[in-house]
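Written out below as structure tokens is the structure these notes cover.
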Amino acid sequence: MQYKHQEIEKKWQEYWANNQTFKASEDDDKPKYYVLDMFPYPSGAGLHVGHPLGYIATDIYARYKRHKGFQVLHPQGYDSFGLPAEQYAIQTGQHPAKTTEENIATYRRQLDQIGFSFDWSREVRTSNPEYYKWTQWIFIQLFNSWYNKDTDKAEAISSLITKFEASGNYEVNAACNDGVGSFTVEDWNSFSDDKKQKILLQYRLTFLSETEVNWCPALGTVLANDEIVNGVSERGGHPVIRKKMTQWSMRISAYAQRLLDGLHTIDWPQPLKDAQTNWIGRSQGAMVSFKVDGYDDNIEVFTTRPDTIFGVSFMTLAPEHELVAKITTTKQKAAVEAYIDATAKRSERDRMADVKTISGVFTGAYAIHPFSGEKVQIWIGDYVLASYGTGAVMAVPCGDQRDYDFAKHFGIEIPNIFEGVDISDEAYTDKEKTVITNSDFLNGLSYKKAMKTVINELEQQGIGYGKINYRLRDAVFSRQRYWGEPFPVYYVDGMPQMISDEHLPIVLPQVEKYLPTEDGRPPLGNAEVWAWDTRINKVVENIKIDHKTVFPLELNTMPGWAGSSQYFNRYMDPRNTKEIFSKEAIEYWQQVDLYIGGSEHATGHLLYARFWQKFMFDKGLVPVDEFAKKLLNQGMILGTSAIIHRVSGTNQYVSKRLKENHETDKLRVDVKLINSSDELDIEALKNWQPQFSDAEFILEDDRFIVGREVEKMSKRWFNVVNPDDICEEYGADALRLFEMFLGPLEQSKPWKTSGISGVYSFLKKLWKLYHNGDIFKVVDVAPTKDELKTLHKTIKKVEEDIENFSFNTSVSTFMIAVNELTAQKCCKRAILEPLLVLISPYAPHIAEELWEKLGNTSSISTAAFPVFEEKFLVETSKKYPISFNGKTRFMLELPSDMSQEAIEKTVMAHEKTQAQLQGRIPKKVIVVPGRIVNIVG
RNA sequence: GCGGGUGUGGUGGAAUUGGUAGACACGCCAGACUUAGGAUCUGGUGCAGCGAUGCGUGGGGGUUCGAGUCCCUUCACCCGCACCA
């Protein structure tokens, strides 16, 4: 009887669906385990073989945990809001909901055919109103909260109002906007409601603020840094300018320290933790205030090296700094303005990428050194960013290379304040060896002592203070897009008002066009029914807006990361219409135990999700403040692109080894046109794209050979391999085994379909082990010692491998086991039945089929994992490698229990030893019982 | 510039506390069975050499009886980044 993967796989996929085999529940006594994949975006291109890599790994782990007696939650869903669907809608006029629906159907079909053990009854989609209702709900919770630094947690905004009513804001220690002035109780009570709301807005965890964005007037939209190339938009090449816009922001900076501290409590990859640590960027230093000569204004700077304050020889402001216009002298005005204009045209990324060019302009103004009283020049330079710190730097050229280069370039003085150090070539940045000199009261001090002393002095004199700074910025939460979550917000006299929880969800309105409006409002500005009626609490036509009872709704939508910041909790109770999730569900599932996905999410999704989780923890909604206990990054699967060589300037193509005779250009062609010997199907190529229909080909040995190059698997390089084709030809079990067999999960590795025949023939050998021709041949006969040994060493190895996420080595282990059992002609149930359970997480369909043939009536997924027993592996003898000066010369089999002395005696007496020594007397004989013998000399 | 990662046969990769380098596969070579083979089976396959043997885990140095593994140094490639004051 033949192994027919198509029949078997279809049969069991239907069985699992019909029996809801993998449905998770909360109501039993088993320990729980929650395995999650990072949320997929259902793109129109469907899956390629790189996508399921992580899903296969989690599926193996989930199935293994079920065998180990756990109640496993292994859900899947779609991060279905996003830009590609919107772009497609702009081009074709089709509603993004429709194309998203179609894409999801494709994804689902592809996922199903790989045999994943997902609990599909819990599927969520971020673009579904029943789901985004809760995204909106969390937004409202954030709006109604402030961060109390004294209790170090988020609290209800009502507690802040209580404090204001008791003692103004003097006693309040909050994370809030810069520049919130002080006020007393009397002040507070005298404020208008409107003013009170404005003040409160500066404390809320989500708040409106002016943010600089990359605005493209021609496209009428805001662009991300990577959508801008050389200062113009990637699409269309239109100019882009920096523009201030009022947008919603999230006060993630309030959580900076807790986000850092939490990293020590979670089992995540160190590189990922490093990325987050750098992103949060904690630095310890001081705020120092410099007076501007001739003005009442001060320039505030943050510095990590206040110990070098006597080395300051100039200051640099960001060109956008608010004081620039005021303090620039008439003489310098033209130069400064020209520089500011030039800077405005550069994107932030441009400014940062360009390390080589040193540019800046003197403002003509001077600051007063707070200690020495000397005048220092004030410059502007685009290497200082307005968005970081105070947008101003005290420049210490002798201690900072960038300041040093700037000073050298513009001929500014470089005073040396380090003892015994030569700074004629470069700045001196070694903190540990620093001894300060030429610095008044800091002379002779080390870095550490000088830091303490100077901060003390700054605080004494009231011109500065010690401060911990984070580079983490508050996250902009508004997008000028259509296909995202609408905000549950309407505006009364320009002040945002939240819609009450009970009226959620606020459903995305219909629009005629998905582009921004002609006057530059976001796409929702096109909606005709997008106003809030406060009498009936419903969305009504815009024409009813009277600013008395009917008000305009927010036109922005939420960003992509909104929906993915809470989905892992929603999976615990996805159909709940009353709460985001029930207390029982969250108490049972707690948090994700294993989360697998790509490392590209390190500082986006994974940081925002941790932030929301901590907020929800503060609100008492979740029992733990980290959502994922363990996380793994799967590596990328690389494609093997096919390269053909075109003779330059012609439509003639030359086979790989003949290309040296010509001047050629490289062209990528679809890998589907190439066979396993790198030979091109010329006829197929001619039909592939019209440009090849009349092409000529120069062959070698009657064949056309292509070059191969390994690079990222992507539709754009025509090197994608579709899992549908693999499942059709080799089956899902072969695909699953092969993806794991490629190499360690976390490494990136090239895909070569030709290798799949190895795992496919393994499956056929496995099948044959249970069959003799057409007869199923498994019998109930006691197994031999050798058979038991094979089984138990396999159990041991596979269990260790799964626990260590070393899935590639367990595939080899299965191959070895099947090879050995085939050689032993094993057909004993006591061996072949447990073997199936070992294999079933990896190749579940064939395992189910053979399991059923063995007479079992329930799914193998519920079978217990076989228990390893050491006794079957006990050896009576050991083959020792006998080495001379570290090089193995021959093997010698000796009893396992032989003593060290006896081993030495036996080995030395052996004729081969004598032959190796040729009469020499060894200096030393090393015997490691159970391991090795090494004869030295 | 900063941060992180990876270097082992023709290819993907294996190697537990330092203890037989190259498991398991792909590919290749030879053979068997076949009308045929992109099926199946058997054997071989790190490199050089007829061989004895020598050389081999990016390069150089070190520790050790013994190093892919530990230490120092150096090179190459890949990924991420918000010049972070």
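Taking the side chain of A:Q747 as heavy atoms from C-beta on, and the options B:rA25, B:rG13, B:rC84, the nearest nucleotide is B:rG13. Set against B:rU20, B:rA39, B:rC65, the side chain of A:K764 has B:rA39 as its closest nucleotide. With B:rG12, B:rG4, B:rA14 as the candidates, the nucleotide lying closest to the side chain of A:T809 is B:rA14. For A:L472, whose side chain is taken as the heavy atoms from C-beta onward, the closest listed nucleotide among B:rA82, B:rC41, B:rG19 is B:rA82. For A:N934, the side-chain atoms get nearest to B:rG66 when compared with the rest of B:rG66, B:rA25, B:rG3. Candidate nucleotides B:rA25, B:rA85, B:rA14 were compared by shortest atom distance to the side chain of A:S283, and B:rA85 ranks first. Out of B:rA14, B:rG19, B:rC24, the shortest distance to the side chain of A:P744 is found at B:rA14.
As rounded to the nearest Å, B:rU74 and B:rA82 have C1' atoms that lie 32 Å from one another. B:rG12 and B:rG62 have their C1' atoms separated by 33 Å, with the value rounded to a whole Å.
Partner assigned to B:rG1 is B:rC81, using Watson-Crick or G-U wobble distances below 3.5 angstrom. Remark: B:rU20 base-pairs with no nucleotide in the shown strands. Criterion, Watson-Crick or G-U wobble with two distances under 3.5 Å. B:rC26: Watson-Crick or G-U partner is B:rG10, with both key distances under 3.5 Å. The partner of B:rU40, taking Watson-Crick or G-U wobble pairs whose two distances both stay under 3.5 Å, is B:rA32.
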Would you sort out whether A:I60 and A:M740 count as a side-chain contact (heavy atoms from CB on, under 4.5 Å), showing the intermediate values?
-> CA-CA 10 Å; A:I60 289 169; A:M740 293 298 104; 3.6 Å; yes
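For A:N804 and B:rU16, the shortest distance from a side-chain N or O to OP1 or OP2 is not below 4.0 Å.
Residue pairs meeting the salt bridge (Lys or Arg N to Asp or Glu O under 4.0 Å) criterion with at least one partner in residues 794-807 of chain A, sequence neighbours excluded, are A:K68-A:E799, A:K796-A:E800, A:K797-A:D801.
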